[in-house]
Number of protein chains: 2
Amino acid sequence: MDGDADLASPARLMGEPARAAMLVALLDGRALPAGELAAIARVSAPTASAHLARLVEGGLVRARALGRHRYFELAGADVADAIESLQRLAPRRPVTSYGQSATARRLAEARTCYDHLAGRIALGIADALVAEEAITPLEAGGSGMILATDGPVARRLRLEAAPAPGRRPPVRGCLDWTERRPHLAGALGAHVLEVLLSAGWVARVPGDRSLRVSDELRVAFES
Amino acid sequence: MDGDADLASPARLMGEPARAAMLVALLDGRALPAGELAAIARVSAPTASAHLARLVEGGLVRARALGRHRYFELAGADVADAIESLQRLAPRRPVTSYGQSATARRLAEARTCYDHLAGRIALGIADALVAEEAITPLEAGGSGMILATDGPVARRLRLEAAPAPGRRPPVRGCLDWTERRPHLAGALGAHVLEVLLSAGWVARVPGDRSLRVSDELRVAFES
DNA sequence: AGGATGCTTCGCCCGACGACGAACGATCGC
DNA sequence: GCGATCGTTCGTCGTCGGGCGAAGCATCCT
C-alpha cells in the first residue's frame, strides 16, 4: 500500500493545541525547559511531560538534560519549515484583522521567527538591503546571495562580519505571516538578529516572541 | 495570548490517517470524486463524506459538483507545500529501506508529485537540464529561472513551449523524499510532465501515483 | 543530611471523534 | 417515469487520548 511517507503522524503531533503552542514557542530556535513549556501551553506538568515525550518520540523535538532541568528544542530546520508552512495555511479561517490586542500589535511590528527577525521592522530592513543592492531580491522560500557589504545599511548591520556560507543558504526569503511578504531569513537573517540584539537595537520580551524595538531603529526602518 | 497563526487546526486535519491518505492522493493535483477517495482511504462512504466536509471547512480542499459526482481537489499550492514539508519530516521514524514492495520500487523510479514529476527519472532529467545550462541549479525550496531552450534535452522536452511566467515561479526545487535531492517543480516542472505524458514517454498507473516509464526515456535519463 | 525544586510515572476520569448501518435527496440512464 | 448510482445526513457505538492529582526519582542548595 504505502510507498508514501507517513504524513499523518507528524501532523497528528502538531494537531493538538497544547503541543502546537509548545512548538510555536520553540520556533525562535532556543531551548526551553519543560516547566516553562507547560506554562506556555497552559497545562499541568504531567500533561506537558506526556506531550513532550511524544514530540521527542516523533522526532520533532530534541531533549537535552542540564542539571535538574530538561531543555527541549526543535529537532531541526526542517521541523521549523513544516511548522511555518502550516501556519501559512492557518489564516484562511479567521482572517482576524489583527491590531486588536497589544501583543498582536507588538508581534506585527517585530518578533523572532525561528532564529531571525520578522514583522514590519524586518520587512523594512530587508527592503533597505535590497534597495542598496546589498542582497539579491527576496522571494518566498527562495534563496539568494550577498552582493555587497559596503552600503550604509549593510555597514550598520555589520554584513561584512556575516558567517561564511556553510550548509545553510546565506539569504533566504521567509514568508511573513502578518505582512504576507518575504522577510530576510537564512544565515544572514540569523546574523542580523544577533547584531541587533547585541547592539541593543532590539530586545527580547520575556515569555513572548515579540521584540522591543529601540526608537533609533524604528525611525530608520519602520515603513 | 495568540497573535500567532493557528498551527493546530490545519495540522489536526492532516493528522488523521484517512484524511491524510486522501490528501496524499490529491497531491498530484487532480480532482477525485468522493467515492474514489473513500476507497483510497479504506473507509465507508459516510465516513469519507464527513472527512471531506471537514477538509473543505478547513480550507484545505475545494469541492466541485459535476453531475451526480462531487470532485475534490487541493485548495492551492500552499496546501501541497505544507503536505510535502510534513512528508519530509516523516521518514525520521521508519528509515524503511525501500525497494521492498513492487509498488515502492515503481514509486522510487517515477511518480507524480502534485503536478510534476518525481523519482529517479525526475532527478535524471533535472540533472541533464542543469548540466546543459538550460536552467539554474536547483535547491530545495528555492526558485530559479530558465536560461536557454536550445540544448538537446531542452528541445526534446519542448522547453520553448513552456508557459509564460505568471504568479508561479518557473523553476522550483522540490525535495524528493526517496532520493533526498531536489527535483524539478514549478511551472516548468508541470510543463515537462505534460509533455512526457502527451508524448507517451510516461503514463499514469491507475489507482497509484507511480508512472510507467517508456524504455526510450529510461535509457536516456535513468541514473 | 534534609528540604526544596523540576520532571516523570501511575491511575483514573471524561469528552471528543472516528467508525458504521440505515435512511434520505439528487442525478443519471433507459 | 423507474431503478440504479452517488453522496449526504442521522443516530449510535466504541475507543483513543488528553486532562489532572498523587506519588516516585533525580538533582540542587545549604
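Side chains included, hydrogens not; waters and symmetry mates left out as well; all remaining heavy atoms used. Chain identifiers are assigned alphabetically (A, B, ...) following the order of the sequence lines, protein sequences preceding nucleic acid strands; residue numbering begins at 1 within each chain.
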Is any side-chain N of the basic residue among A:Arg218 and A:Glu109 closer than 4.0 Å to the acidic one's carboxylate O?
-> yes

Answer whether the closest heavy-atom distance between the side chains of A:Val195 and A:Arg158 falls below 4.5 Å.
-> yes

Rounded to whole Å, CD of B:Glu36 lies from P of D:dT5 at a distance of 17 Å

Enumerate the residues from residues 43-52 of chain B whose closest heavy atom to DNA chain C is under 4.0 Å, giving them by residue number; use none for an empty result.
-> B:Val43, B:Ser44, B:Pro46, B:Thr47, B:His51

Phosphate-side-chain proximity, B:Arg19 and C:dG18, N/O vs OP1/OP2 below 4.0 Å | yes

Residues two or more places apart in sequence or in another chain: which of them pass side-chain hydrogen bond (donor to acceptor under 3.5 Å, both in side chains) with B:Ser85?
-> A:Ser85

Write down the distance between CE (A:Met22) and P (D:dG18), rounded to a whole number of angstrom.
-> 11 Å

Between A:Ser198 and A:Glu194, is there a donor-acceptor pair closer than 3.5 Å when you use the side chain of the first and the backbone of the second?
-> yes

Whole angstrom value for the distance that separates C1' of D:dC28 from NE2 of A:His69 | 9 Å

Heavy-atom side-chain contact between A:His191 and A:Leu157 under 4.5 Å | no

For the pair A:Arg12 and B:Glu16, find out whether any cationic side-chain nitrogen is under 4.0 Å from an anionic carboxylate oxygen.
-> no

Length of the line joining B:Arg42:CZ and C:dC20:C1', which is rounded to integer Å = 17 Å

Using whole Å, report how far CZ of A:Arg68 lies from P of C:dT5.
-> 8 Å

In whole Å, what is the span from the CG atom of A:Leu66 to the C1' atom of D:dC28?
-> 13 Å

Output the single nucleotide from C:dA19, C:dG6, D:dC6 whose closest atom is nearest the side chain of B:Glu16.
-> C:dA19

Quickly work out the B:Arg70 CZ to C:dG25 C1' distance and round it to whole Å.
-> 13 Å

Grab the CD-P distance between B:Glu57 and D:dT8 for me, whole Å please.
-> 15 Å

